[in-house]
Amino acid sequence: MSIARISLQLFKNSSRSFTRARLNCAPIPCLSHRYLSTTRLYNAALASKPPAAPTVVVFQPSPEYIEQEELDVELLPTEAVKLVITDRAAEQLRTIAAREKNPDAALRVSVESGGCHGYQYKMALATSRSPDDYHFIHPSIQPSNILVDAVSLSLLNGSIIDFATELIGSSFRIEDNPQSKGNGCGCGVSWELKE
């Protein structure tokens, strides 16, 4: 059995001094950095910028289907499609799939007109893919399915999908959308398109 010892150190800076407590213990491993895997929920709160990975495109709509449905959208080439998902968002999607007992459970992300800045994000759980959907997964945490329709992807391409837990609730969020002008409104849902 090891006994932990606390030592106080006084540090002086040019304008102020402060005290830091150091906990010396063994064999407890110490955290060497703030970027943590979110395999456990309490680790998610420690990450200042959560680990993320570019998604893998599993399915994309065919040009024939887009033409047949007369959708006014230009399909992006596979190499130009970019959507990033944080590890904690992928973990949450895996948890939802396990709870629903459905590995095909997915987060459907779309963009609709409305809100105080012109566009707003809409997110819902889905159980099946539509023919005009792009299907994304996290490269290592699976199942972590994300569905985005072809029209919405043109407004979301390059964004980060995250899952945030706060005192007022937990939710999926779109962050760093390169198509968005500024940060949008305070609600974090409504945003304005760049010119």
Side-chain angles (χ1 to χ4, degrees), residues 33-61 73 75-97 105-126 129 132-195:
H33 52 77
R34 287 184 54 86
Y35 297 102
L36 301 172
S37 171
T38 58
T39 53
R40 296 192 184 271
L41 192 56
Y42 64 85
N43 287 346
L46 297 175
S48 61
K49 184 174 181 182
T55 55
V56 176
V57 179
V58 177
F59 178 84
Q60 69 181 47
V73 64
L75 291 178
L76 299 170
T78 306
E79 61 275 358
V81 173
K82 182 182 177 196
L83 197 63
V84 177
I85 182 171
T86 62
D87 291 353
R88 62 185 171 199
E91 288 284 350
Q92 184 64 24
L93 287 170
R94 180 166 60 182
T95 302
I96 290 169
L107 176 67
R108 177 175 297 285
V109 182
S110 60
V111 176
E112 296 179 343
S113 61
C116 55
H117 278 78
Y119 292 98
Q120 60 187 2
Y121 301 117
K122 181 179 178 187
M123 297 184 211
L125 293 179
R129 181 183 73 224
D132 68 330
D133 284 340
Y134 282 85
H135 182 184
F136 300 93
I137 60 171
H138 189 279
S140 59
I141 302 171
Q142 295 171 11
S144 56
N145 302 306
I146 297 175
L147 303 174
V148 182
D149 63 90
V151 175
S152 296
L153 184 65
S154 64
L155 299 169
L156 286 170
N157 197 31
S159 299
I160 298 173
I161 298 178
D162 190 19
F163 184 78
T165 302
E166 298 174 345
L167 292 175
I168 60 172
S170 302
S171 63
F172 289 99
R173 296 188 179 170
I174 305 294
E175 296 181 356
D176 299 331
N177 184 347
Q179 321 308 323
S180 173
K181 180 179 183 181
N183 292 333
C185 70
C187 68
V189 174
S190 181
W191 56 280
E192 187 175 351
L193 188 64
K194 282 185 180 176
E195 300 287 323

Is a donor on one side and an acceptor on the other found under 3.5 Å between the side chain of Thr55 and the backbone of Val84? no

If you apply the rule side chain to side chain contact (heavy atoms under 4.5 Å, CB included), what do you find for Asp162 with Phe172, and how did you get there? CA-CA 6 Å; Asp162 190 19; Phe172 289 99; over 6 Å; no

Rounded to the nearest 0.5 Å, what separates atom CD1 in Ile161 from atom CD1 in Ile146? 3.5 Å

Before you tell me yes or no, could you show the steps for Leu125 and Ile96 under side chain to side chain contact (heavy atoms under 4.5 Å, CB included), namely the whole-Å CA-CA distance, both residues' side-chain angles and the distance that decides it to 0.1 Å? CA-CA 9 Å; Leu125 293 179; Ile96 290 169; 4.1 Å; yes

Taking all atoms of both residues into account, what is the closest heavy-atom pair of Ser113 and Gln120, and its distance? O-NE2, 4.3 Å

Under 3.5 Å donor-acceptor, Asp176 side chain and Ile160 backbone: no

Verdict with reasoning, Ser110 to Asp149, per side-chain hydrogen bond (donor to acceptor under 3.5 Å, both in side chains): CA-CA 7 Å; Ser110 60; Asp149 63 90; 4.8 Å; no

Salt-bridged, Asp133 to Arg108, with N to O below 4.0 Å? yes

Side chain Asn145, main chain Phe136, donor-acceptor under 3.5 Å: no

Could I get the full list of salt bridge (charged side-chain N to carboxylate O under 4.0 Å, His left out) partners for Glu79, not counting sequence neighbours? none

Got a sec, which residues hit side chain to side chain contact (heavy atoms under 4.5 Å, CB included) with Ser159, two or more places apart in sequence or on another chain? Leu83, Leu156, Ile174, Asn177, Pro178

Check whether any side-chain heavy atom of Ile85 lies under 4.5 Å from a side-chain heavy atom of Leu93, and answer yes or no. yes

Gap separating the OG atom of Ser180 from the CD atom of Glu175, nearest 0.5 angstrom: 12.0 Å

Between His138 and Thr86, the two heavy atoms sitting closest are CD2-O, 4.3 Å

Here the gap from Ser152 atom OG to Tyr121 atom OH, rounded to the nearest 0.5 Å, amounts to 10.5 Å

Residues Val109, Tyr134; criterion side chain to side chain contact (heavy atoms under 4.5 Å, CB included); working and verdict: CA-CA 10 Å; Val109 182; Tyr134 282 85; over 6 Å; no

Minimum heavy-atom distance between Asp87 and Ile141, given as atom pair plus value: O-CD1, 3.8 Å

Between Glu91 and Arg88, is the closest basic N to carboxylate O distance under 4.0 Å? no

The side chain to side chain contact (heavy atoms under 4.5 Å, CB included) partners of Ser170 (sequence neighbours excluded) come to Phe163, Thr165

Could you point out which residue of Thr78, Leu153, Leu75 forms a side-chain contact (heavy atoms from CB on, under 4.5 Å) with Gln60? Thr78

Counting C-beta onward and ignoring hydrogens, is there a side-chain heavy-atom pair between Phe59 and Ile137 closer than 4.5 Å? no

Sub-3.5 Å donor-acceptor pair from the side chain of Glu112 to the main-chain atoms of Lys122, do we have one? no

Please walk me through it: do Val57 and His135 pass side chain to side chain contact (heavy atoms under 4.5 Å, CB included)? CA-CA 6 Å; Val57 179; His135 182 184; over 6 Å; no

Does Asn157 reach the side chain of Lys82, with side-chain heavy atoms less than 4.5 Å apart? yes

